[in-house]
Amino acid sequence: MEYTPEQLLHNPFLNKGTAFTHAERDQYGLNGILPPAVQTLEQQAKQAYAQYQRKATALEKRIFLMEIFNENHVLFYKLFSQHVYEFMPIVYDPTIADTIENYSALFTNPQNATYLSIDEPEHIEEALKQSADGRDIRLIVVTDGEGILGIGDWGTQGVDIAVGKLMVYTAAAGIDPSQVLPVVLDAGTNNQELLKDDLYLGVRHERIYGEQYHHFVDQFVDTAEKLFPDLYLHFEDFGRSNAATILNRYKEKVTVFNDDIQGTGIIVLAGILGALNISHEKIADQVYMSFGAGTAGAGIASRICEEFVQQGMSPEEAKKHFYLVDKQGLLFDDMDDLTPEQKPFARKRSEFANADELTSLEAAVKAVHPTILVGTSTVPGTFTESIVKEMASATARPIIFPLSNPTKLAEAKAEDLIRWTDGQALVATGIPAEPVEYKGVSYEIGQANNALVYPGLGLGTIAATARLLTDGMISAAAHSLGGIVDPAQPGAAVLPPVSKLSEFSQTVAFATAKEAVAEKLNRTEIKDVKKAIDAVKWEPEYSPLADDVKVVKRGE
């Protein structure tokens, strides 16, 4: 590849900024373009962090970090790796919600993303080739922007969720940033504010569904698989009506993953396994209730149900342990608006003498007395004191996970759950929560953050050259996290801390890759799983530019 000196400094995959050595400056014609001093990567990171600390708001901090990302990937990831726990809520959730809502107004750089329009499907192959620019793409995170976090339909502005997700893959697990690609499938938006906004950068019509939409997704998947044969394809924040359908369409054919359905299910399962390690109870004795039965809620239930089966229960018996509550109340099998993912868990009205009265979460809890209550409703404050105390009256150690995020959408606060249950609740939240001090015990609150799972899952799958991502691999990942809990520690968290994200990502990667090899899913021979992982793991360090990087100096 040929570059001018200026182009070299504007290529985030190649740029070293002030860390270019004197010899490199001579070789690439950079003398006079850069200040005379040659800095180390550590000095650059220290300098950048000092600037970061002077930013007043989380949004300002994220914009600053994105400027570094757009200029120099090595420096960005060095900085991120040094401050993973501090940067996670800035680079990703919850701050990313602000940047998505304001994406068109803040737009300055496409961030190496690919924007595909349903109105111009003939450009899919060209766009993917141009965005990849000859790179060996191993991982794509793709969204259609319909179900972004808890904030809904943001159309093409949802591309930032793909960008942020890939940043976490690299910072947490060491996925090579030159081998990743964020993609948005723009099928329109039903967000009327966006359609009326002169600055909106996406397709200006309401969302297209049905045959045309699925043909668009098929074209993308087929093209991506053709161009990038070793691809791990991650679907992110698709809407309720499409997410599970798309996953089921491809999961038996290619290596695909949906974080909202599978990733959230893995981390919740890991949290439940951790909680049961503390309570010394069996999963077969649990009664599971989900408040919120959309893509995430139903997906989590499916994952937990599969664990019941893997531990020896029949599918029919396992489903009897599950109850889904949505906006219409407890879901029954005679309702005509059930999604395909909800139907397996819908109950019969004949099970309850007062079935017609079970139209609220509180009524459902009183009728069922679940031992596990998981919230994915995005309805804040719905795990009330009366509901929690009702649940605690029927089980010694209630497992309660209010997972909706960002903070303003959480079903309950961790401190309230601890207090209302006199310290007996086993709690995980969807957002970071400080330890709760109660009656002389410090209760560590686990964060059911998918980032504990998906980076390592991706690294392990890629390292194993797996043809598919199977239930066995997913279960192995969950058990690798759930087994980390220390049940002897008073107030122990049900999940390992996000502050040790990089460490636990390697744990998940090893478990995932080992299972893939055991299931004979690896495309290439792998004799040593750890060596296979180490071989693909990337570190944020400067190295000599490749021999094919040619710079045309001024006047030549």
Answer yes if the ring centres of Y288 and F308 are under 6.0 angstrom apart, and no otherwise. no
Do E411 and T382 get their side chains close enough for a donor-acceptor pair, meaning under 3.5 Å? no
Does the distance from a Lys or Arg side-chain N to an Asp or Glu carboxylate O, for K282 and D285, drop under 4.0 Å? no
Compute whether any side-chain donor of one residue and acceptor of the other, for T465 and N522, lie under 3.5 angstrom apart. no
Using modelled atom types only, decide if a donor and an acceptor are shared between the side chain of R204 and the backbone of K196 within a distance under 3.5 Å. no
Do you see a donor-acceptor pair shorter than 3.5 Å between the side chains of S386 and E362? yes
Determine whether the side chains of Q286 and E281 contain a donor N or O and an acceptor N or O closer than 3.5 Å. yes
Cut-off 3.5 Å, side chains only: do T470 and E519 have a donor facing an acceptor? yes
Please evaluate residues H479 and Q310 with respect to the criterion side-chain hydrogen bond (donor to acceptor under 3.5 Å, both in side chains), reporting the C-alpha separation (whole Å), side-chain torsions for both, the decisive distance (0.1 Å), and the verdict. CA-CA 12 Å; H479 279 270; Q310 289 192 5; 5.6 Å; no
Any donor-acceptor N or O pair under 3.5 Å, side chains H234, Q262: no
For M88 and A451 the tightest heavy-atom approach is CE-CB, 3.6 Å
Side-chain H-bond candidate by donor/acceptor type, T143 with D237, under 3.5 Å: no
Any non-hydrogen side-chain atom of L324 less than 4.5 Å from a side-chain atom of F291? no
Side-chain touch L501/Y85, heavy atoms, less than 4.5 angstrom: no
For Y323 and F352, take the angle between the two ring planes, folded into 0 to 90°, and tell me which bin it lands in: parallel under 30, tilted 30 to 60, perpendicular over 60. perpendicular
Donor-acceptor pair between Y250 and D218 side chains, under 3.5 angstrom: yes
Can we say E385 and K389 salt-bridge, meaning some charged N sits less than 4.0 Å from an Asp/Glu carboxylate O? yes
Indicate yes or no: does D356 engage R349 in a salt bridge with an N to O separation below 4.0 Å. yes
Mind checking whether P182 and V163 have side chains closer than 4.5 Å, heavy atoms only? yes
Should the pair D160-R62 be classified as a salt bridge under the 4.0 Å nitrogen-to-oxygen rule? yes
Any side-chain heavy-atom pair of V287 and I372 under 4.5 Å: no
Gap between atom CG of N191 and atom CZ of R207 - 0.5 Å precision: 9.5 Å
Side-chain donor-acceptor pair present, T189, E206, cut-off under 3.5 Å: no
Tell me if the centroids of the rings in Y169 and Y454 come within less than 6.0 Å of each other. yes
T359 and Q328: side-chain hydrogen bond (donor to acceptor under 3.5 Å, both in side chains), yes or no, with the steps? CA-CA 6 Å; T359 56; Q328 63 268 60; over 6 Å; no
Hey, are T429 and Q447 close enough side-chain-wise for a donor-acceptor pair under 3.5 Å? no
For D259, is there an ion pair with K165 - N to carboxylate O distance below 4.0 angstrom? yes
Looking at N258 and D260, what are the two nearest heavy atoms and their distance? OD1-N, 2.9 Å
Indicate yes or no: at least one non-hydrogen side-chain atom of R138 is less than 4.5 angstrom from one of V180. no
Any Lys/Arg nitrogen of E317 or K320 sitting under 4.0 Å from an Asp/Glu carboxylate oxygen of the other? yes
Quick one: do Y209 and E146 satisfy side-chain contact (heavy atoms from CB on, under 4.5 Å)? Show the steps, please. CA-CA 11 Å; Y209 295 96; E146 185 175 12; 2.6 Å; yes
Correct closest heavy-atom pair for G265 and I304 would be O-CD1, 4.1 Å
Test item: V183 and L128 side chains (from C-beta on) under 4.5 Å apart, heavy atoms: yes
From the list H321, E390, M289, side-chain contact (heavy atoms from CB on, under 4.5 Å) with P370 holds only for M289
Quick check: does any side chain N or O of S475 sit under 3.5 Å from a backbone N or O of G472, one acting as donor and the other as acceptor? no
Q157 and S104: side-chain donor and acceptor closer than 3.5 Å? yes
Just by distance, do the side chain of N242 and the backbone of F238 share a donor-acceptor pair under 3.5 Å? no
Taking all non-hydrogen atoms of both residues into account, name the closest pair between V203 and H205 and its distance. CG1-NE2, 2.9 Å
Between D471 and R303 (salt bridge meaning N to carboxylate O under 4.0 Å), is one present in this structure? yes
Whether S302 side chain and A298 backbone form a donor-acceptor pair below 3.5 Å: no
Kindly indicate whether the side chain of V309, heavy atoms from C-beta on, has any atom under 4.5 Å from the side chain of M313. no
Salt bridge between D326 and R240, side-chain N to carboxylate O under 4.0 Å? yes
Single hit among L373, T371, L276 for side-chain contact (heavy atoms from CB on, under 4.5 Å) with I399: L276
Tell me if the aromatic rings of F216 and Y213 count as close, with their centers under 6.0 Å from one another. no
Side chains of L231 and T255 in contact at under 4.5 Å (non-hydrogen atoms): no
Is T99 reaching over with its side chain to a backbone N or O of I96, donor-acceptor style, under 3.5 angstrom? yes
Where is the tightest heavy-atom contact between A187 and I118, given as atom of each residue plus distance? CA-CG2, 3.7 Å
Where do K413 and D416 land on the salt bridge (charged side-chain N to carboxylate O under 4.0 Å, His left out) test, with the steps shown first? CA-CA 5 Å; K413 296 178 180 178; D416 289 335; 5.6 Å; no
